[in-house]
Amino acid sequence: VQEFSPPTQWWRPWSALIVPGLVEEVIWRAAWLPIPPVIATVPDYPTTVSVALRQLTSVLRLLLANGTGTTTAAATAPSPQLVTLYQTALVVLVIHVVSHPMVATLADPRRRAVLDDWRFGGLAVIVLGGTTLSYIVSGGCLMAAVVTHAVPVALWRDVWGGERRLRAATAPGEECHNDKNNDNSNNDNNQ
């Protein structure tokens with residue numbers, strides 16, 4: 001697998017808008033979540049993050065209450081369309097987060113060590129949850145989700161050393177070239 005290297009340093013952070021930003025958002029948000037005309041028909045559609053979080057909380061309470069047999073007052077119950085919207089969003093979010101280690105295993109096993117890390121998974125939940133929320137709150141605006149996805153990826157990859165970790169990572173059972181040299185030098189010293 002050949003590594004993608006943008007032509008110049010100034011372009012590197014902007015590349016996150018295309019991959020993973022645009023590519024993943026087309027696949028995971030635009031393809032699976034309702035399109036703007038459908039979203040506009042949902043009663044009590046959220047227009048701010050605080051309203052969306054409040055509604056998501058009530059949907060989760062409703063789902064948990066249905067599982068325990070208790071009922072929720074009709075006045076506080078969200079509309080069936082809203083429940084379906086949030087259920088779909090949660091399923092898409094879970095599948096998207098879980099897909100990262102699977103894709104690494106299939107496409108580039110060297111990156112698996114980083115993408116299997118629980119800390120990366122936690123960050124993925126936060127970032128991808130934010131992209132899902134921005135897509136919903138913006139009325140299905142793909143670019144809102146793309147920017148919400150690209151900014152933290154560019155920061156992690158280009159500012160905080162994520163790309164270096166991905167390039168240095170090896171799959172389980174493989175040895176890093178530097179580790180092999182260090183092991184040989186340690187063995188020479190022990191003999």
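As the structure is a computational prediction, the values presented were derived from the model and not from experiment. The residues of the chain are indexed from 1 along the displayed sequence.
Here the closest heavy-atom approach between residue Ser99 and residue Trp28 is recorded as OG-CZ2, 3.7 Å. Val125 approaches Leu93 most closely through the heavy-atom pair O-CD1, 4.3 Å. When all heavy atoms of Ser79 and Val42 are compared, the pair lying nearest together is OG-CG1, 4.4 Å. The heavy-atom pair separating Ser134 from Ala145 by the smallest distance is OG-CA, 3.5 Å. Nearest heavy atom pair, residue Val97 against residue Gly121, reads CG1-O, 4.2 Å. In plain terms, the two heavy atoms of Val92 and Trp32 that are nearest each other are CG2-CB, 3.5 Å.
Under a 3.5 Å cut-off, the side chain of Tyr86 and the backbone N or O of Thr57 do not form any donor-acceptor pair. Distance alone, capped at 3.5 Å, places no donor-acceptor pair between the Glu24 side chain and the His149 backbone.
Residues Pro46 and Leu133 are not in side-chain contact: their nearest non-hydrogen atoms beyond the backbone lie 4.5 Å or more apart. The side-chain heavy atoms of Phe120 and Trp156, taken from C-beta on, include a pair separated by under 4.5 Å. At least one side-chain heavy atom of Val147 sits under 4.5 Å from a side-chain heavy atom of Leu17. Between Arg54 and Ser58, the closest side-chain pair of non-hydrogen atoms is not below 4.5 Å. Contact annotation: the side chain of Arg119 never approaches that of Leu123 to less than 4.5 Å [non-hydrogen atoms, C-beta and beyond]. Between Ser15 and Arg157 the shortest side-chain heavy-atom distance falls below 4.5 Å. Counting only heavy atoms from C-beta outward, the side chains of Thr131 and Glu25 approach each other to under 4.5 Å.
A distance of 10.0 Å separates CG in Leu82 from CD in Gln87, rounded to the nearest 0.5 Å. Here Thr132 contributes atom OG1 and Leu90 contributes atom CG; the two are 8.5 Å apart, rounded to the nearest 0.5 Å. Put simply, CG on Leu115 and CZ on Arg165 are 12.5 Å apart, with the number rounded to the nearest 0.5 Å.
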- Verdict with supporting geometry, Arg29 and Thr148, side-chain hydrogen bond (donor to acceptor under 3.5 Å, both in side chains): CA-CA 12 Å; Arg29 264 21 105 212; Thr148 305; over 6 Å; no
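Following chains of ILVMFWY side-chain contacts shorter than 4.5 Å, one cannot reach Val137 starting from Met143, and the two form parts of different hydrophobic clusters. Tracing side-chain contacts under 4.5 Å through hydrophobic residues (I, L, V, M, F, W, Y), one never reaches Val49 starting from Leu142; they form parts of separate clusters.
With His100 as the fixed residue, the side chain to side chain contact (heavy atoms under 4.5 Å, CB included) test singles out one of Leu128, Asp116, Val114: Leu128.
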